[in-house]
There are 2 protein chains.
Amino acid sequence: MTAHELTAVVTATYEIWMRTNALIMEALAGHRLTPATFQALWAIDPDEPPPSMKVMAERLYCNAPNLTFITNQLTERGLVERAVDPSDRRSRVLVMTPKGREVRAELLRTTLEKTPLGVLSESELRQLMTLLSRVIQPTTPISS
Amino acid sequence: MTAHELTAVVTATYEIWMRTNALIMEALAGHRLTPATFQALWAIDPDEPPPSMKVMAERLYCNAPNLTFITNQLTERGLVERAVDPSDRRSRVLVMTPKGREVRAELLRTTLEKTPLGVLSESELRQLMTLLSRVIQPTTPISS
DNA sequence: AGCTTTTGCTTCGAGGCTCGAAACAATGGA
DNA sequence: TCCATTGTTTCGAGCCTCGAAGCAAAAGCT
């Protein structure tokens, strides 16, 4: 039982996550976004085929009504648009607008600038990623 | 420019955090707790002197009104109690009840069992913690 | 084809979370 | 003593998340 080491790592993960969030809050507010809506924007890779609501809900670990709400926030801000999936007319896919593309790129840049993870060197980041990949392995993480 | 590696690490951090949360949700619900209230419980070490509201707000990256709300949730569930700090009668410290101690220990155990970080070996965890410590260290006095 | 079940999304209502502004008492300094 | 500051709470607003119910399209069955 290595409870102590594991506890420290879990705590550190929480800490880094919260700290990153705190540091980008101001930039998000500049676009009337919040952590929840930004995560949704992040989870859409504009260079991949647009994801359906269902896929997005899985990526964001939330349920369908919640995703409807988040999607409304993004469409009201002109960052994404709903489109009917021609292959299944029940399904709606989220298409990023040009403005959404811009805002996403800008905020992603800001996040990488501000995150405390940025203090690590390239080789340290690779080391870290090797370990984290093993943790995440089983299922598929969010894109980009 | 190591943007790609950094992006992957930030994404992985988010992913691990969300996945851990999802996996303990059921256990939390068993005590009528949520991620927010559980983090507050986690942030009180029952073997240390009880922290003040102000200290707790810093630990949880939230503001004073928010912490008042969270504290009310915990007191209503009989997990912590407010006490006046004798050295400064404006300040309230959060004292964990015996029940709070039990619930905290149980949920901490559950978290360590369920977190995907648990797949790592002891030596991998130490490696990981070495890297994360560098990230969290407030020792970045003069940057850029 | 017709009928039923399942699936993807939305609507609705309730409750939890988070914040800024304002209020209050205790503290500390001039 | 008087005034500014500090730690907390109250209030009101808006955001987030969920379960239940509803609707339309798709899939399955006979």
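Residue numbers begin at 1 in each chain, while the letters A, B, ... track the order of the sequences. Keep in mind that what you see is a predicted model, and the values were worked out from it rather than measured. The figures here come from the full heavy-atom set of this structure, side chains too, leaving out hydrogens, waters and symmetry mates.
For the pair B/Q73 CD and D/dT9 P, the computed distance is 14 Å after rounding to whole Å.
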For a quick test of your reading: what N or O donor-acceptor pairs under 3.5 Å do the side chains of residues 38-50 of chain B make, sequence neighbours left out?
residue: B/D45; atom: OD1; partner: B/D47; partner atom: N; Å: 2.8
residue: B/D47; atom: OD1; partner: B/R101; partner atom: NH1; Å: 3.3

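The two atoms that bring A/A83 and A/V95 nearest to each other are CB-CG2, 4.0 Å, heavy atoms only. What you find for A/A36 and A/I70 is that their closest heavy atoms are CB-CD1, 3.9 Å. Smallest separation of non-hydrogen atoms from A/R19 and B/V135: NH1-O, 4.3 Å.
Judged as a salt bridge (Lys or Arg N to Asp or Glu O under 4.0 Å), the pairs with a partner in residues 57-69 of chain B (not counting sequence neighbours) are, in order, B/K54-B/E58. Counting only residues at least two apart or on different chains, the side-chain hydrogen bond (donor to acceptor under 3.5 Å, both in side chains) pairs with a member in residues 67-80 of chain A are A/N72-A/R82.
A heavy atom lying under 4.0 Å from DNA chain C marks the following residues of residues 20-42 of chain B, by number: B/T34, B/A36. Taken residue by residue, residues 81-94 of chain A places heavy atoms nearer than 4.0 Å to DNA chain C at A/R82, A/R90, A/S91, A/R92. Contacts between residues 52-69 of chain B and DNA chain D, defined by a heavy-atom separation under 4.0 Å, are made by B/S52, B/M53, B/K54, B/A64, B/P65, B/T68.
Mapping heavy-atom proximity under 4.0 Å, the span of DNA chain C touched by chain B runs 5' to 3' from C/dG16 to C/dT27.
The side-chain hydrogen bond (donor to acceptor under 3.5 Å, both in side chains) test applied to B/S91 returns no partner, not counting sequence neighbours. Remark: A/R90 pairs with A/D88 by the salt bridge (Lys or Arg N to Asp or Glu O under 4.0 Å) rule, at least two apart or across chains. Under the salt bridge (Lys or Arg N to Asp or Glu O under 4.0 Å) criterion, B/E106 pairs with no residue, sequence neighbours left out. Evaluation of the side-chain contact (heavy atoms from CB on, under 4.5 Å) rule for B/S133 yields B/M129, B/Q137 as partners, not counting sequence neighbours. A/R126 pairs by the salt bridge (Lys or Arg N to Asp or Glu O under 4.0 Å) definition with A/E122, not counting sequence neighbours.
Contact annotation: the side chain of A/T20 never approaches that of A/K114 to less than 4.5 Å [non-hydrogen atoms, C-beta and beyond].
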